[in-house]
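Following: one structure in structure tokens, then a few remarks.
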Amino acid sequence: MPEKIIDSFHIRRLDILDEKGDADIALMPSLSEAYMRRMYELLVLLRTFDQIALSLQREGRLGTYAPVLGQEASQVGTAFAIEKTDWVFPSFREMGVFLTMGYPMHMLFQYWMGDERGISAPDDLNIFPICIPVGTQIPHASGAAMAAKYRKDRIAVITYFGDGGTSKGDFHEGLNMAGVFKLPVLFVCQNNQWAISVPRERQTAAKTLAQKAVAYGFEGIQVDGNDIFAVYKAASDALKKARDGGGPTLIECLTYRMADHTTADDASRYRTKEEVEAWKTKDPLLRMKLFMEKNGLWTEKYQKDIDEQSKEAVSDAVKIAEAVEPPKPEDMFTYTYETLTPRQKKQIGDL
Ligand SMILES: Cc1ncc(C[n+]2csc(CCOP(=O)(O)OP(=O)(O)O)c2C)c(N)n1
Ligand SMILES: [Mg+2]
């Protein structure tokens, strides 16, 4: 019997906004000028937040922090596509998602300053706490999507993870379950090329991370993660498909971690200056700024105003976070146990 090809696949790749700030009109999502300004302002706010968080860490006023620098478009672009009733399962680097959703900024600082109360989302925000164990939020997202499907809620679930996260069993289990049950979930992989010091090519021999979805029976698409319009379009299409019962999607946002993994890392020990320099020209903020300028939406005065407003918003949030009364040591029992054992009661008494 001759051999046959029983299946073949292709991976779509979406690019809309190039490095010079020119957009492909045919692919461009329809967005009002006010909406595009809001996107740009969030990119600027996020970068300001990130820079100030790093300085606070250096001054000893904030704990270990995972910077977003370079990944702003992947986060803000996907988060703009989220609806109020959707549910979000982040990892530890998604400050852009939290800010775009309107998460109180002082609470984010409170969290990074070591106070866990900062990560209990207000009731009107459907976002789960920051997930530190790599990839474990992925099956949680599929579980939430399963619940939504069971209850016939017309919502989507979105979860975020990195290139390193795709090597975890949780990733494969979460995607498999979503594929089998056709769950309303969007998996967003921010492929920033590094998992601490492990380069992307050590995670998988596959050509793309997007193609991992094919094995589980649904579409994976790669987008330029530094192109906010491509990211937004791919995410809004996928979330709409999920809400409409079309099942899951995996989006691979191809981007770059411009900073160290966290403030506890020194990336110069394992990657070259040339590599980092080459990515600077792809800066997602610069690209959006050039687009805005070419389309009459940007002036120096506008930039100055939004820089000032962002700095003010961030420093106000820092002030609020630093003024919060620190938690009492005995609170760790309050938040952890429903009923205390006699030994724990004694421990509290000893505090
Ligand atoms: C289960 C688990 N193993 C190891 C770690 C330590 N760790 C923290 S981040 C990280 C790498 C994550 O890389 P990636 O998924 O690409 O995300 P990125 O940090 O690049 O955003 C590792 C190994 C962890 N947090 N959890
Ligand atoms: Mg990574």
Side-chain angles (χ1 to χ4, degrees), residues 46-47 49-50 53-54 57 63-79 88-100 108 111-112 114 116 119 127-141 158-175 186-213 220 222-226 231 250-272 275-276 278-279 282 284:
L46 173 58
R47 189 158 287 186
F49 175 95
D50 212 44
L54 284 177
Q57 194 279 336
T64 306
Y65 176 72
V68 184
L69 190 67
Q71 298 177 223
E72 292 91 347
S74 295
Q75 299 190 4
V76 174
T78 47
V88 183
F89 289 75
S91 81
F92 44 81
R93 205 183 291 286
E94 275 75 60
M95 291 312 98
V97 177
F98 279 89
L99 291 180
T100 306
L108 292 177
Y111 170 77
W112 290 109
E116 66 190 338
I119 209 62
I127 185 159
F128 264 63
I130 284 175
C131 184
I132 300 287
V134 170
T136 54
Q137 70 279 21
I138 304 172
H140 296 168
I158 176 168
T159 183
Y160 292 86
F161 47 89
D163 41 299
T166 65
S167 297
K168 285 290 305 291
D170 305 78
F171 168 81
H172 299 279
E173 292 170 31
L175 267 71
L186 167 57
F187 301 98
V188 177
C189 176
Q190 288 177 79
N191 174 4
N192 64 6
Q193 318 295 330
W194 291 91
I196 313 186
S197 56
V198 180
R200 142 73 176 89
E201 58 275 15
R202 286 293 178 98
Q203 297 296 340
T204 176
K207 191 168 175 188
T208 68
L209 297 174
Q211 74 200 59
K212 305 264 165 190
Q222 189 183 75
V223 301
D224 178 342
N226 289 4
V231 171
L250 168 63
I251 298 178
E252 175 187 3
C253 296
L254 209 70
T255 180
Y256 193 75
R257 197 196 76 212
M258 294 299 294
D260 294 333
H261 169 70
T262 63
T263 48
D265 174 47
D266 175 5
S268 69
R269 294 177 63 158
Y270 53 79
R271 66 184 189 187
T272 64
E275 180 181 309
V276 182
W279 277 90
K282 300 181 198 293

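Every number for a ligand or one of its atoms is a count from 1 in the order of the listing.
Within ligand 1, counting atoms from 1 as listed, the ones closer than 4.0 Å to a heavy atom of Pro133 are 26 (N). Heavy-atom proximity to Phe92, at under 4.0 Å, picks out these atoms of ligand 1: 9 (S), 19 (O). Per-residue contacts place Asn192 under 4.0 angstrom from the following atoms of ligand 1 (heavy atoms of the residue considered): 18 (P), 20 (O), 21 (O). Atoms of ligand 1 found under 4.0 Å from any heavy atom of Gly164 (numbered from 1 in listed order, with element): 14 (P), 15 (O), 16 (O).
Considering only non-hydrogen protein atoms, atom 15 (O) of ligand 1 sits nearest to Gly165 N, 2.9 Å. Protein heavy atom at the shortest distance from atom 25 (N) of ligand 1 is Ile132 O, 3.1 Å. For atom 23 (C) of ligand 1, the nearest non-hydrogen atom of the protein is Ile196 CD1, 4.0 Å. Here the heavy atom of the protein found nearest to atom 19 (O) of ligand 1 is Arg93 NH2, 2.8 Å. With hydrogens left out, the protein atom closest to atom 17 (O) of ligand 1 is Gly162 CA, 3.7 Å, a heavy atom.
Tested against Gln190 for a side chain to side chain donor-acceptor pair (under 3.5 Å), the candidates Arg257, Glu252, Glu94 yield a single pass: Glu94. Put simply, the residue from Val88, Ile251, Thr78, Thr159 that forms a side chain to side chain contact (heavy atoms under 4.5 Å, CB included) with Leu186 is Ile251.
Note on ligand 1: Phe161 sits outside its first shell, no heavy atom being nearer than 4.0 Å. Using a 4.0 Å heavy-atom cutoff, His261 is listed among the residues neighbouring ligand 1. Within the 4.0 Å heavy-atom cutoff, Lys168 counts among the residues contacting ligand 1.
Between Phe89 and Phe128, the two ring planes are parallel [angle under 30°; tilted spans 30° to 60°]. Between Tyr270 and Trp194, the two ring planes are tilted [angle within 30° to 60°].
Residue side and main chain included, Asn192 places an N/O/S atom under 2.8 Å of the Mg ion (ligand 2). The Mg ion (ligand 2) lies under 2.8 Å from an N, O or S atom belonging to Trp194.
Restricting Asp163 to its N, O or S atoms, the one at the least distance from the Mg ion (ligand 2) is OD1.
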Criterion side chain to side chain contact (heavy atoms under 4.5 Å, CB included) on His261 and Arg93, from CA distance to verdict:
CA-CA 10 Å; His261 169 70; Arg93 205 183 291 286; 3.0 Å; yes
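For Thr255 and Asn226, the side-chain atoms include at least one donor-acceptor pair closer than 3.5 Å. Side-chain contact, Glu275 with Tyr256: a donor N or O sits under 3.5 Å from an acceptor N or O. Judged purely by distance below 3.5 Å, without hydrogens or angles, the side chains of Thr208 and Gln211 pair a donor atom with an acceptor atom. Of the N and O atoms on the side chains of Asn192 and Gln71, at least one donor lies less than 3.5 Å from an acceptor on the other residue.
Few gaps surround CZ on Arg271; more than 12 heavy atoms of other groups in view lie less than 6.0 Å from it.
Ile130 and Met95 make their closest contact through CD1-CE, 3.7 Å (heavy atoms, listed as atom of the first residue, atom of the second, distance).
At a 4.0 Å heavy-atom cut-off, ligand 1 touches Val134 through backbone and side chain alike.
For atom 10 (C) of ligand 1, the protein comes within 4.0 Å by at least one heavy atom.
For ligand 1, the polar-atom distance check against Asp163 finds a nitrogen or oxygen pair separated by under 3.5 Å.
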